Amino acid sequence: MTARSITVAAAQLGPIQKAEPRKVAVERMVRLMERAHRRGVELVVFPELALTTFFPRHYHADITEADHWFETTMPSNQTAPLFAAAHKYGIGFHLGYAEIAHEPDETGTVQKRRFNTSILVNPDGDIVLKYRKVHLPGHAAFDPGRKVQHLEKRYFEVGNLGFPVVRAAMGDLAGINMGMLICNDRRWPEAWRVLGLQSVELVLLGYNTPSLNMEAGGFEAHHLRVFHSHLSIQAGCYQNACFAVATAKAGTEDGCELFGHSIIVNPQGEIIAMATSWDDELITADCNLDMCTLGRTTIFAFDKHRRPEAYARITAQVGAVEPPIWTKQAAE
Ligand code: CDV
């Protein structure tokens, strides 16, 4: 029996400064796709908000002044070279970008809506999956107490597509179960489990994470930032028996340091490739998807061992509540 295998790449991007036009960012990405092709890669994963600087660090009192950071069509003239490169080299790609969509809101009224979005594109240029970030970190109003703003809650709505998984052809394989997370989502086991419950085999994930915790009231050591990122992704892969390609934007962008450390992880939770620079860098791995079988037929055979009747709090409650206080009388 031949293995179900795909060669994937995390195409880490070095910093994209505020003044850097999309054209330059796209040229850098096309160069990474050329390099990927030379290495036999079949699917390339770019970071979150890959076309511009991480603009939620910049405050605009009038939100429409931020519209130039968003894409209104995909592909567009500026992003078309990515689709052309995918076609030329026969590789798929994952792209994170800021999306403006004119769509009905919950009342049915068509509105201009803004999302932090990622798409999965096949070599024919078809968008086979779209995801909109659910876990938006940061704040909505300017915070004078912060050295660097993180205004995702100002510029984006919470994603309204859930956590979809699609089975689609990619590389030499007729079908791979693929899903997506965006940056902060990777820290939430609920998000991974929703993907796991759809038999995801490959999770595509882009991120922009500062080296310093700008919110930290107390001290948080530098190295723990990378540790927590890797810990979350490795746990997500192990507990859901899947691979992940997690791609960072790295280096000093608009004076703010992003820690990079892009990784590819297997269903055992092992890191099988890791970026070591803070620059444009391609890391690759051969993923034998048959490796997903062990976890999902043994320890994490969901159909045999999950106990949803004991998990009601997961969907019934948002914040944590205090437990009852133990007293001797009550215990008797
Ligand atoms: N872009 C992000 O979602 N960044 C968050 C930071 C702000 C903590 C992250 O979880 O990496």
Side-chain angles (χ1 to χ4, degrees), residues 10 12-16 18 25 45-59 66 69-70 94-99 114-118 131-143 145-159 161 163 180-192 195 203-237 244-263 265 274-275 278:
Q12 178 173 286
L13 292 174
I16 301 176
K18 198 176 174 189
V45 178
F46 291 113
E48 174 190 33
L49 302 178
L51 298 167
T52 66
T53 195
F54 187 75
F55 68 88
R57 68 170 74 90
H58 301 297
Y59 176 73
W69 299 115
F70 287 75
H94 160 285
L95 177 72
Y97 64 98
E99 178 192 17
R114 297 170 178 83
F115 298 99
N116 186 340
T117 296
S118 55
Y131 168 66
R132 291 168 170 165
K133 186 173 182 177
V134 168
H135 296 99
L136 298 173
H139 45 107
F142 182 82
D143 180 350
R146 291 178 66 115
K147 274 209 198 93
V148 182
Q149 303 295 302
H150 193 110
L151 292 155
E152 283 196 65
K153 284 190 161 73
R154 180 177 194 78
Y155 295 127
F156 304 121
E157 287 181 54
V158 171
L161 303 176
F163 294 101
M180 298 189 271
L181 298 174
I182 302 181
C183 198
N184 191 262
D185 290 324
R186 73 194 186 285
R187 305 181 194 276
W188 299 89
E190 298 90 334
W192 286 94
L195 296 178
V203 175
L204 318 171
L205 189 173
Y207 64 96
N208 281 269
T209 305
S211 301
L212 288 175
N213 184 349
M214 306 292 175
E215 274 178 325
F219 174 72
E220 186 178 46
H222 233 86
H223 69 281
L224 292 179
R225 300 285 282 173
V226 175
F227 172 66
H228 293 152
S229 177
H230 287 183
L231 179 69
S232 303
I233 298 162
Q234 291 177 255
C237 286
V245 183
T247 309
K249 186 109 74 57
T252 305
E253 191 179 81
D254 303 343
C256 177
E257 191 182 287
L258 302 168
F259 64 56
H261 282 83
S262 303
I263 50 174
V265 176
M274 181 165 75
W278 278 7

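From a predicted model like this one, the values you see are computed outputs, not experimental measurements. Order of appearance sets the numbers: ligands from 1, and atoms from 1 within every ligand.
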### Query
Centre of F259's six-membered ring, under 6.0 Å away, within 45 degrees of the axis: is that where NZ or CZ of R225 sits?
no
### Query
Considering only protein heavy atoms, which is closest to atom 3 (O) of ligand 1, and at what distance to one decimal place?
K133 NZ, 2.8 Å
### Query
Are any of the side-chain heavy atoms of S232 and W188 separated by less than 4.5 Å?
no
### Message
Can you report which non-hydrogen protein atom sits closest to atom 2 (C) of ligand 1, along with the distance?
### Response
C183 SG, 2.8 Å
### Query
For ligand 1, which atoms have a heavy atom of N208 less than 4.0 angstrom away?
1 (N), 2 (C), 4 (N)
## Note on the structure
atom 6 (C) of ligand 1 has as its nearest protein heavy atom P210 CD, 4.2 Å
### Value rounded to 0.5 Å, distance of NE2 in H135 from CG in N184
7.5 Å
### Query
Heavy-atom distance under 4.5 Å between the side chains of M274 and H261, does that happen here?
yes
### Atom indices of ligand 1, in the order listed, that fall short of 4.0 Å to a heavy atom of E152
1 (N), 2 (C), 3 (O)
### Message
Please list the nearest protein heavy atom to atom 7 (C) of ligand 1 with its residue and the distance rounded to 0.1 Å.
### Response
H150 CE1, 3.3 Å
### Query
How long is the span from the CG atom in L224 to the CG atom in L231, to the nearest 0.5 Å?
10.5 Å
### Message
Looking at every non-hydrogen atom in both residues, tell me the closest pair between A246 and A10 and how far apart they are.
### Response
O-CB, 4.3 Å
### Query
What atoms in ligand 1 come closer than 4.0 Å to a heavy atom of E48?
1 (N)
#### Entry: Spacing of OH belonging to Y131 relative to CG belonging to L195, to within rounding of 0.5 Å
8.0 Å
#### Entry: Closest protein heavy atom (residue, atom, distance) for atom 9 (C) of ligand 1
R187 NH2, 3.3 Å
### Message
Counting non-hydrogen protein atoms only, what is the nearest one to atom 11 (O) of ligand 1? Give residue, atom name and distance.
### Response
T209 OG1, 2.6 Å
### Query
For ligand 1, is any non-hydrogen atom under 4.0 Å from F54's backbone (N, CA, C, O), its side chain (CB onward), both, or neither?
side chain
### Message
Tell me whether ligand 1 is touched by H135 - counting only heavy atoms on the residue side and a distance under 4.0 Å.
### Response
no
### Message
Once you measure the plane-to-plane angle for W69 and H58, does it fall in the parallel (<30°), tilted (30-60°) or perpendicular (>60°) bin?
### Response
parallel
